[in-house]
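Values below: all heavy atoms of this structure, side chains included; hydrogens, waters and symmetry mates excluded.
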Amino acid sequence: MEWEQICWVGEYVTLNVGAVLAAQGTVAKKEDPVCDEALSCQNNLSKDRSICLGYYGIYYIRYYKNKGPDGEKAWPKKYPFCGGVFQSPIDFHKDILQYDSNLLPLEFIGYNVPSTDHFTLTNNGHSVKMYLSPTMAIRNLPFEYAASQLHLHWGNRNKSEGSEHTIGGKHFAAELHIVHYNSEKYPDVTAAMDKADGLAVLAVLLEIGPFNPSYEKIFRHFRNVKYKDQNVQVPGFNVGELLPERLDEFYRYEGSLTTPPCYPSVLWTVFRHPVRISQEQASSRRAHSDLADVS
């Protein structure tokens with residue numbers, strides 16, 4: 001597997017959310033002069049920083065996992081949005097962050113699901129997802145968003161850290177995504193997926209620590225969905241227990257699906273504080289995902 005380092009140079013754009021992100025620009029290889037100019041400008045503290053940002057924008061370095069025909073670099077050929085702007089994931093670091101006092105903590109509706117109800121955990125051959133109750137929703141965003149499903153991104157045998165988003169360049173053991181769709185405008189997640197205001201995803205970063213009984217309510221069922229087309233019923237529980245205690249500290253930005261077709265349709269809320277799971281829980285989950293050939 002080969003790796004290639006690139007940079008992304010664009011205009012400095014302040015979103016009406018919790019982060020400042022380069023939102024209009026182009027991708028260039030690391031050796032391209034425009035990358036050198038951006039890097040030099042950002043690092044030269046003797047220059048007026050506002051002028052620097054105005055001319056060169058925010059840049060960041062991203063790694064494509066695989067330069068082969070089926071790797072990330074090949075995605076834009078088949079899925080044009082994957083090579084466009086507003087692409088996720090990103091690294092949250094001090095140069096792109098801006099505090100927004102207008103942001104409100106999320107309001108969670110119906111997240112405490114009784115055990116008499118059930119979620120469906122399924123393996124579609126590419127990933128394991130748990131479909132959520134249609135009565136679950138989040139508010140205090142531009143629209144009300146109904147819950148659709150949740151899934152996790154993990155490392156593998158070669159790389160133990162599997163989070164997609166990073167903070168200050170730091171990866172975490174895993175990342176939970178709870179996917180919601182704009183239920184005020186669209187009938188379901190499929191209809192909303194390619195719309196600019198279609199989706200809202202909550203991201204929880206997971207790090208290694210003590211055993212987590214709340215996450216075990218999902219993890220203990222993974223052994224029953226190791227293979228494609230396997231399904232299992234998971235008794236309802238309080239999905240809010242999967243979230244960090246500090247729900248008022250988060251990063252907010254407009255981004256995209258992290259895999260093809262990479263639609264720029266996601267309003268991301270990435271919680272600042274990670275949740276801990278045990279090494280045994282992480283290792284067991286990675287083992288099951290290896291057996292099932294899913295990510």
Problem set entry | Minimal non-hydrogen separation, Gln281 against Pro210, with atom names | OE1-O, 4.4 Å

Problem set entry | Gap between atom CG of Asn123 and atom NZ of Lys129 - 0.5 Å precision | 11.0 Å

Problem set entry | Check: His165/Glu175 side-chain N/O donor and acceptor closer than 3.5 Å | yes

For this session: Could you tell me which non-hydrogen atom of Glu249 sits nearest to which non-hydrogen atom of Arg246, and how far apart they are?
Result: OE2-NH2, 2.9 Å

Problem set entry | Shortest non-hydrogen contact between Pro264 and Phe81, atoms and distance | CD-CD2, 3.4 Å

Problem set entry | Full working for ring-ring contact (aromatic ring centres under 6.0 Å, His included) between Phe119 and Phe237 | CA-CA 9 Å; Phe119 306 116; Phe237 62 94; 5.6 Å; yes

For this session: Step through it carefully: locate the ring centre of Phe92, locate the ring centre of Tyr253, and say whether they are under 6.0 Å apart.
Result: yes

Problem set entry | Steps toward side-chain contact (heavy atoms from CB on, under 4.5 Å) verdict (Leu206, Leu152) | CA-CA 10 Å; Leu206 304 182; Leu152 294 109; 3.7 Å; yes

For this session: Output, in order, the C-alpha distance, side-chain angles, deciding distance and verdict of side-chain contact (heavy atoms from CB on, under 4.5 Å) for Phe108 and Val239.
Result: CA-CA 10 Å; Phe108 297 89; Val239 178; over 6 Å; no

Exercise. When clusters are formed by joining ILVMFWY residues with side-chain heavy atoms under 4.5 Å apart, either directly or through shared neighbours, do Tyr79 and Val266 land in the same one?
Worked result: no

For this session: Show your working on side-chain contact (heavy atoms from CB on, under 4.5 Å) between Trp268 and Ser88 and close with a plain yes or no.
Result: CA-CA 9 Å; Trp268 283 95; Ser88 301; 3.1 Å; yes

Show me the donor-acceptor pairs, under 3.5 Å and distance only, between side chains in residues 134-145 and residues at least two apart or in other chains.
residue: Thr135; atom: OG1; partner: Ser133; partner atom: OG; Å: 2.7
residue: Arg139; atom: NE; partner: Glu144; partner atom: OE1; Å: 2.7
residue: Arg139; atom: NH2; partner: Glu144; partner atom: OE1; Å: 3.4
residue: Asn140; atom: ND2; partner: Pro105; partner atom: O; Å: 2.8

Kindly list each side-chain donor-acceptor pair under 3.5 angstrom involving residues 192-205, sequence neighbours excluded, with atom names and distances?
residue: Lys195; atom: NZ; partner: Ala191; partner atom: O; Å: 2.6
residue: Asp197; atom: OD1; partner: Tyr186; partner atom: OH; Å: 2.6
residue: Asp197; atom: OD2; partner: Lys185; partner atom: NZ; Å: 2.7

Seminar exercise, completed: Rounding to 0.5 Å, atoms OH (Tyr251) and CZ (Arg272) come to a distance of 5.5 Å

Exercise. Should Phe172 and Glu161 count as side-chain neighbours, where that means a heavy-atom distance under 4.5 Å?
Worked result: no

Exercise. With under 30° as parallel and over 60° as perpendicular, where do the rings of Tyr111 and His180 fit, or are they tilted in between?
Worked result: parallel

Problem set entry | Minimum heavy-atom distance His171-Glu164, with the two atoms named | CE1-O, 4.4 Å

Exercise. Any side-chain heavy atom of Val275 sitting closer than 4.5 Å to one from Leu243?
Worked result: no

For this session: Can you measure from CG (Leu106) to CG (Asp248) and round to the nearest 0.5 angstrom?
Result: 10.5 Å

Exercise. Is there a side-chain contact (heavy atoms from CB on, under 4.5 Å) between Val232 and Thr122 once you walk through the steps?
Worked result: CA-CA 7 Å; Val232 66; Thr122 183; over 6 Å; no

For this session: Decide yes or no on side-chain hydrogen bond (donor to acceptor under 3.5 Å, both in side chains) for Asn231 and Thr120, but give the supporting numbers first.
Result: CA-CA 7 Å; Asn231 301 289; Thr120 298; over 6 Å; no

Problem set entry | Heavy-atom check, side chain of Ile178 versus side chain of Leu132, under 4.5 Å | yes

For this session: Kindly compute the distance separating NE2 (His151) from CG (Asn124), expressed to the nearest 0.5 Å.
Result: 10.5 Å

Exercise. Hey, does Thr258 have a side-chain heavy atom less than 4.5 Å from the side chain of His153?
Worked result: yes

Problem set entry | Side chain Gln230, main chain Lys226, donor-acceptor under 3.5 Å | yes

For this session: Taking the six-membered ring for Trp and the single ring otherwise, decide whether the centroids of His118 and Tyr131 are under 6.0 Å apart.
Result: no

Exercise. Does any donor atom in the side chain of His93 or Asp91 lie under 3.5 Å from an acceptor atom in the other side chain?
Worked result: yes

For this session: To the nearest 0.5 Å, tell me how far Ile277 CD1 sits from Gln279 CD.
Result: 8.5 Å

Problem set entry | Atom of Tyr215, atom of Leu242 and distance for their closest heavy-atom approach | OH-O, 2.6 Å

Exercise. Taking all atoms of both residues into account, what is the closest heavy-atom pair of Ala174 and Ser163, and its distance?
Worked result: O-CB, 3.8 Å

Exercise. Quick one: do Leu247 and Ile109 end up in the same hydrophobic cluster if we chain Ile, Leu, Val, Met, Phe, Trp and Tyr together by side-chain heavy atoms under 4.5 Å apart?
Worked result: no

Exercise. Do Glu241 and Lys217 meet the salt-bridge criterion of a basic N to acidic O distance under 4.0 Å?
Worked result: yes

For this session: For residues Phe222 and Trp154, establish whether the separation of their ring centroids is below 6.0 Å.
Result: no

For this session: Find the distance between OG (Ser278) and CD1 (Ile208) and round it off to the nearest 0.5 Å.
Result: 7.0 Å

